[in-house]
Amino acid sequence: MFTAVMGPKFLAKNIGFQNTAGAIKHQAVALKIQSDQTIFHNCQMDGYQDTLYAHSQRQFFRDCTISGTIDFIFGDSTAVFQNCKLIIRKPLDKQQCIVTAQGRSNRRLATGFVLQNCIISGAQDYLPVKASSKTYLGRPWHEYSRTLFMQSQQDDIIAPEGWLPWNGNFALDTLWYAEFNNRGPGAVQTNRVKWRGIQKITAAQAQQFTAGAFLLGGQWIPSSGVPYTAGAGHGNPSTRWSRGIVRHRLGTPVDCNKNIENRSWSR
């Protein structure tokens, strides 16, 4: 069982969501969201494969921690992750780790994932196996998959290629993947894949994918009281987090293998 959010204008603060199935159970969602104008602030989502199913509609994540192994942020929402920490956990033997699997199926859809001012790092149990179980920024779940990493810290766990195919040549010409002004040893572009769908964008283009423009966030985020950067900003979240360890700073997280219907709320 997992937590599902369906009503519009859902706001969650200071709460954890966890699927305790473990890596051995493979796909195990902790949180599924298909609610428009949804906000998660200072929340934690823990799992392994498919931790966060950002299914659809507009979603804003601020100061959250999300952990997992394979495709642990996936779906076809229009989502911005701002100042979040993404933690790679130890997978099963011979498995690779992938942060995102965005699922846009039509080039006309305005959906996509934007990860801005985030940190991508490894949990303590992952670091000893990072050479054999490489981590990639994303892979295309559907044909027009769209993902942008901007102004984010990428630790040395990111494979030099950056992105991973889904299956053979599927979607490599039609996906839209970009990196803009990232930092850290994992952000070096020298050996990145050269697929047709890989984009080189300008500052003006990056601005179109900020929370203010991509989510029309100015119309609904400020009234929530949640911290919000509308544009590119200049934040450096690496100074705001202790590094390397998944910390349950929210107390006991929700166990998504139990009945948690009454642990969520909407405004």
Requested in this report: Walk me through it: do Ile73 and Leu86 pass the test side chain to side chain contact (heavy atoms under 4.5 Å, CB included)?
Outcome: CA-CA 10 Å; Ile73 302 174; Leu86 313 175; 3.9 Å; yes
Requested in this report: Dump the intermediate steps for side chain to side chain donor-acceptor pair (under 3.5 Å) on Tyr126 and Thr69, then the final yes or no.
Outcome: CA-CA 10 Å; Tyr126 171 74; Thr69 55; over 6 Å; no
Requested in this report: Quick one: do Cys43 and Lys13 satisfy side chain to side chain contact (heavy atoms under 4.5 Å, CB included)? Show the steps, please.
Outcome: CA-CA 6 Å; Cys43 292; Lys13 292 184 177 182; 5.5 Å; no
Report task. List the steps, then state whether side chain to side chain donor-acceptor pair (under 3.5 Å) holds for Asp76 with Ser56. Result -> CA-CA 5 Å; Asp76 191 26; Ser56 55; over 6 Å; no
Requested in this report: Take Glu179 and Arg192 through the test salt bridge (Lys or Arg N to Asp or Glu O under 4.0 Å) and record every step on the way to the result.
Outcome: CA-CA 10 Å; Glu179 299 177 67; Arg192 287 297 199 251; 2.7 Å; yes
Requested in this report: Apply the test side chain to side chain contact (heavy atoms under 4.5 Å, CB included) to residues Leu127 and Ile157: give CA-CA distance (whole Å), side-chain angles for both, the deciding distance (0.1 Å), then the verdict.
Outcome: CA-CA 8 Å; Leu127 296 179; Ile157 61 173; 4.1 Å; yes
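Shown here for Gln82 and Ala211, the closest heavy-atom pair between the two residues is NE2-CB, 4.1 Å. Summarising the geometry of Gln208 relative to Ala213, their closest heavy-atom pair is O-CB, 3.6 Å, with the distance given to 0.1 Å. Considering all non-hydrogen atoms of both residues, Ser35 and Pro8 come closest at OG-CA, 3.4 Å. Taking both residues in full, the closest heavy atoms of Ser152 and Leu115 are given as OG-O, 3.3 Å, listed atom of the first, atom of the second, then distance. Scanning all heavy atoms of the two residues, the minimum distance from Pro185 to Asp155 falls at CG-C, 4.0 Å. Of all heavy-atom pairs between Cys64 and Phe40, the closest is SG-O, 3.4 Å.
For Lys94, the NZ atom counts as loosely surrounded, since its 6.0 Å shell holds 12 or fewer non-hydrogen atoms of other residues, nucleotides or ligands. Other residues, nucleotides and ligands place no more than 12 heavy atoms under 6.0 Å from the CG atom of Asn169. Within 6.0 Å of atom NZ in Lys134, 12 or fewer heavy atoms from other residues, nucleotides or ligands are found, so the atom counts as exposed in its surroundings.
Residues Tyr53 and Phe74 bring their aromatic ring centres within 6.0 Å. Between Phe209 and Trp176, the distance from one ring center to the other falls under 6.0 angstrom.
Using a distance-only test at 3.5 Å, with no hydrogens or angles considered, a donor-acceptor pair links the side chain of Gln59 to the main chain of Ile33. Checked by atom type and distance alone, the side chain of Arg104 pairs as donor or acceptor with a backbone atom of Leu109 at under 3.5 Å. With hydrogens and angles disregarded, no donor-acceptor distance shorter than 3.5 Å links the side chain of Gln151 to the backbone of Asn117. In this structure a side-chain-to-backbone donor-acceptor pair under 3.5 Å is missing from Gln102 to Thr100. Side-chain atoms of Thr65 never come within 3.5 Å of backbone atoms of Gln44 as a donor-acceptor pair (strictly under, hydrogens ignored).
The line from CG of Leu175 to CD1 of Ile198 is 6.0 Å long, rounded to the nearest 0.5 Å. Taken from CD1 in Ile87 to CD in Gln124, the straight-line distance is 10.0 Å, to the nearest 0.5 Å. For the atom pair Asp93 CG and Ser132 OG, the distance stands at 7.5 Å (nearest 0.5 Å). For the atom pair Gln153 CD and Asn182 CG, the distance stands at 9.0 Å (nearest 0.5 Å). Distance CE/Met150 to SG/Cys118: 10.5 Å, rounded to 0.5 Å. Between the CD1 atom in Ile70 and the CD1 atom in Ile88 there is a gap of 11.0 Å [rounded to 0.5 Å].
In this structure, Arg107 does not pair ionically with Glu143, as no charged nitrogen and carboxylate oxygen lie closer than 4.0 Å. A salt bridge between Asp125 and Arg89 is absent, with no side-chain N of the basic residue lying under 4.0 Å from a carboxylate O of the acidic one.
Counting heavy atoms from C-beta on, the side chains of Pro160 and Thr190 never come closer than 4.5 Å. In this structure, the side chains of Trp195 and Trp163 come closer than 4.5 Å at one or more pairs of heavy atoms. The shortest distance between side-chain heavy atoms of Arg62 and Thr229 falls below 4.5 Å. For the pair Asp46 and Thr51, the minimum side-chain heavy-atom distance is 4.5 Å or more. With a 4.5 Å cut-off on side-chain heavy atoms, Asp71 and Arg139 count as touching. Side-chain contact between Leu172 and Trp166 is absent, with no heavy-atom pair separated by less than 4.5 Å. Two residues are said to be in side-chain contact when any heavy atoms from C-beta on lie closer than 4.5 Å; Leu52 and Phe17 fail this criterion. Counting only heavy atoms from C-beta outward, the side chains of His142 and Tyr144 never approach each other to under 4.5 Å.
Side-chain heavy atoms closer than 4.5 Å link hydrophobic residues (I, L, V, M, F, W, Y) into clusters, and following such links, possibly through other members, connects Leu215 to Leu11. Ile98 and Leu137 fall into different hydrophobic clusters, where Ile, Leu, Val, Met, Phe, Trp and Tyr side chains are chained together by heavy-atom contacts under 4.5 Å. Residues Phe72 and Ile158 share a hydrophobic cluster, clusters being chains of Ile/Leu/Val/Met/Phe/Trp/Tyr side chains in contact below 4.5 Å. One hydrophobic cluster, built from ILVMFWY side chains closer than 4.5 Å, holds both Phe214 and Tyr228. Leu164 and Tyr48 are members of different hydrophobic clusters when ILVMFWY side chains are connected at heavy-atom separations under 4.5 Å.
Listed by chain and residue number, Ser145 satisfy the side chain to side chain donor-acceptor pair (under 3.5 Å) test with Tyr177 (two or more places apart in sequence, or in another chain).
Under the 3.5 Å distance criterion, with hydrogens and angles disregarded, a donor-acceptor pair is assigned to the side chains of Asn14 and Asn42. Side-chain polar atoms of Gln37 and Lys9 form a donor-acceptor pair below 3.5 angstrom. If you check the side chains of Gln57 and Gln34, you find no donor sitting under 3.5 Å from an acceptor.
Pairs engaging residues 22-37 under the salt bridge (Lys or Arg N to Asp or Glu O under 4.0 Å) rule: Asp36-Arg58 [sequence neighbours left out].
Taking the six-membered ring for Trp and thresholds of 30 and 60 degrees, Phe81 and Phe61 have nearly parallel ring planes, at less than 30 degrees apart.
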